[in-house]
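All remarks here apply to the structure that follows.
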Amino acid sequence: MRIRATVAAVSGALALSALAVPAAHAGDHSVPNLNKPTSGAEVFGTAARGASKAAAATADASEPVISKVVVNGGKDIVLGTTAKKTISISVTASHATGVVDAYADLWHGTNPDSPDTIDGAILPNEDVSTCTKVNATTSTCKLTYTIDPRYDLYKNSLAGTWHVSAGALAGNQMDIAYTDFYSTARVQRLSKLTVNAAPEPVKKGGTITVTGKLSRANWEDYAYHGYATQPVKLQFRKKTSSTYTTVKTIKTSSVGNLKTTVKASVDGYWRYSFAGTSTTPAVTTAGDFVDVR
């Protein structure tokens with residue numbers, strides 16, 4: 001069970017709100033809690049109508065301005081079949097009275113107001129963010145998220161673009177900014193790539209056969225399967241060089257296999273390089289050395 005609890009000041013007291021839904025089941029998979037917050041009041045546990053008159057009198061007419069949200073340091077989120085990954089999201093926001101808390105989550109679907117259209121949600125580990133003041137009006141607040149591919153990513157169609165929700169609570173504990181569509185982030189299936197150049201050694205002018213396989217994580221059966229019909233570059237660098245050049249581009253087979261031939265000319269290293277797709281990250285093998293005699 002995933003629980004989201006938030007604490008905020010209301011009328012000079014602490015108010016606690018928690019969102020919790022028992023996990024359901026889909027086949028052999030446990031489906032995560034998809035009951036994400038969809039408003040600033042729900043996130044921060046406060047609203048202007050619930051504040052004291054004194055607090056309301058000090059409220060600024062404008063909501064906080066969220067100027068930047070950084071997910072996972074600006075990098076794509078890549079997960080395999082078993083290992084959990086902890087990432088962070090930082091929210092930078094400003095308000096005349098300062099910023100004391102922020103919120104962010106990742107969700108997959110189309111309409112946050114319609115639970116039936118959401119099939120993925122990644123919620124923060126903490127109840128309250130850790131905020132660092134940039135100046136008197138601006139703070140950058142950080143939250144962490146632990147993603148379990150065997151729980152949060154229960155089907156392969158979750159790979160790709162996710163929405164980023166973001167919110168901020170002003171220093172007066174009254175003014176709130178919140179949106180379910182601040183930006184997007186990519187969650188990807190970990191890729192693997194192999195190479196083998198043979199024979200070793202080989203006579204000058206002889207044929208080198210370079211084989212390999214491109215595979216990626218399957219979040220439904222927790223195995224790695226070949227990635228079919230994908231373009232992969234065969235690259236070479238001379239023993240005396242530090243730079244690889246592309247020799248040719250070939251496509252993987254229906255099961256992800258790679259195989260091509262080249263003529264041996266000089267000693268050097270052969271490797272395969274895959275540029276990646278929206279659902280699968282780029283990957284490049286180490287070079288396989290072939291001695292040409």
Side-chain angles (χ1 to χ4, degrees), residues 1-4 20-36 69-90 103-109 118-127 129-130 142-165 183-196 212-228 230 232 252 255-258 271-286:
M1 179 167 63
R2 185 66 67 85
I3 296 174
R4 163 68 182 170
V21 174
H25 293 276
D28 294 330
H29 292 271
S30 179
V31 179
N33 168 30
L34 303 180
N35 188 14
K36 69 182 293 297
V69 176
V70 179
V71 179
N72 194 36
K75 300 177 181 178
D76 292 334
I77 303 165
V78 181
L79 287 106
T81 59
T82 57
K84 299 177 183 179
K85 173 174 270 189
T86 297
I87 67 163
S88 66
I89 299 179
S90 63
Y103 176 83
D105 65 39
L106 302 172
W107 63 278
H108 190 269
I118 298 179
D119 58 359
I122 297 171
L123 307 181
N125 296 326
E126 300 87 3
D127 295 336
S129 65
T130 300
K142 182 178 178 181
L143 292 156
T144 65
Y145 308 72
T146 299
I147 307 169
D148 184 348
R150 295 201 173 197
Y151 177 74
D152 297 298
L153 306 174
Y154 59 94
K155 59 181 181 178
N156 292 325
S157 60
L158 292 174
T161 300
W162 287 53
H163 298 286
V164 180
S165 301
S183 63
T184 59
R186 291 203 304 192
V187 179
Q188 297 181 313
R189 298 160 61 181
L190 180 65
S191 55
K192 295 183 177 182
L193 185 59
T194 63
V195 66
N196 182 54
K213 184 170 185 175
L214 174 64
S215 58
R216 60 176 178 165
N218 186 309
W219 293 332
E220 296 173 11
D221 65 5
Y222 314 129
Y224 284 82
H225 298 280
Y227 197 5
Q230 296 301 307
V232 177
T252 58
V255 292
N257 291 333
L258 293 159
R271 73 179 188 184
Y272 279 124
S273 182
F274 171 59
T277 63
S278 62
T279 62
T280 310
V283 61
T284 300
T285 68

Original post:
Hey, which of T144, V70, L106, N72 is the one that makes side chain to side chain contact (heavy atoms under 4.5 Å, CB included) with I89?
Top reply: L106
Original post:
From S157 OG over to E220 CD, what is the distance, rounded to the nearest 0.5 angstrom?
Top reply: 7.0 Å
Original post:
Looking only at heavy atoms, what is the nearest atom pair of V78 and P281, with distance?
Top reply: CG1-CG, 3.7 Å
Original post:
Can you list every pair that meets side-chain hydrogen bond (donor to acceptor under 3.5 Å, both in side chains) and has a residue in residues 272-285, with sequence neighbours left out?
Top reply: R216-T279, R216-T280, Y227-T277, S273-T284, T277-T279
Subject >> Smallest separation among heavy atoms of L214 and V283, with atom names >> reply: CD1-CG1, 4.1 Å
**OP:** Would you mind reporting whether T252 and V232 have side-chain heavy atoms less than 4.5 Å apart?
**Re:** yes
Original post:
Checking side chain to side chain contact (heavy atoms under 4.5 Å, CB included) against L123, which of W107, Y145, Y103 comes through?
Top reply: Y103
**OP:** Work out which heavy atom in A104 is nearest to a heavy atom in P124; give both atom names and the distance.
**Re:** O-CD, 3.7 Å
**OP:** Report the distance from atom CG of D127 to atom CG of L143, rounding to the nearest 0.5 Å.
**Re:** 10.0 Å
Original post:
Where is the tightest heavy-atom contact between T161 and H108, given as atom of each residue plus distance?
Top reply: O-CD2, 3.4 Å
Subject >> Least distance between heavy atoms, A185 atom then V71 atom >> reply: CB-CG1, 4.0 Å
Original post:
Which value, rounded to the nearest 0.5 Å, describes the distance between N196 atom CG and K213 atom NZ?
Top reply: 14.5 Å
Original post:
Within a strict 4.5 Å, meaning less than it, do heavy atoms of the W162 and D105 side chains meet?
Top reply: no
Original post:
Among I122, V187, L153, which residue meets the side chain to side chain contact (heavy atoms under 4.5 Å, CB included) test with I77?
Top reply: V187
Original post:
Do the side chain of N156 and the main chain of W219 share a donor and acceptor less than 3.5 angstrom apart?
Top reply: yes
**OP:** Not counting sequence neighbours, list each pair that qualifies as a side-chain hydrogen bond (donor to acceptor under 3.5 Å, both in side chains) and has a residue in residues 183-194.
**Re:** D76-R186
Original post:
Is it the case that more than 12 heavy atoms not belonging to K85 sit under 6.0 Å from its NZ atom?
Top reply: yes
**OP:** Determine whether D152 and L158 make a side-chain contact, defined as any pair of heavy atoms from C-beta on separated by less than 4.5 Å.
**Re:** no
**OP:** Might you point out which heavy atoms bring A275 and A282 nearest each other, and give the distance in Å?
**Re:** O-CB, 3.3 Å
**OP:** Drop me the distance from Y224's OH to T81's OG1, to the nearest 0.5 angstrom.
**Re:** 4.5 Å
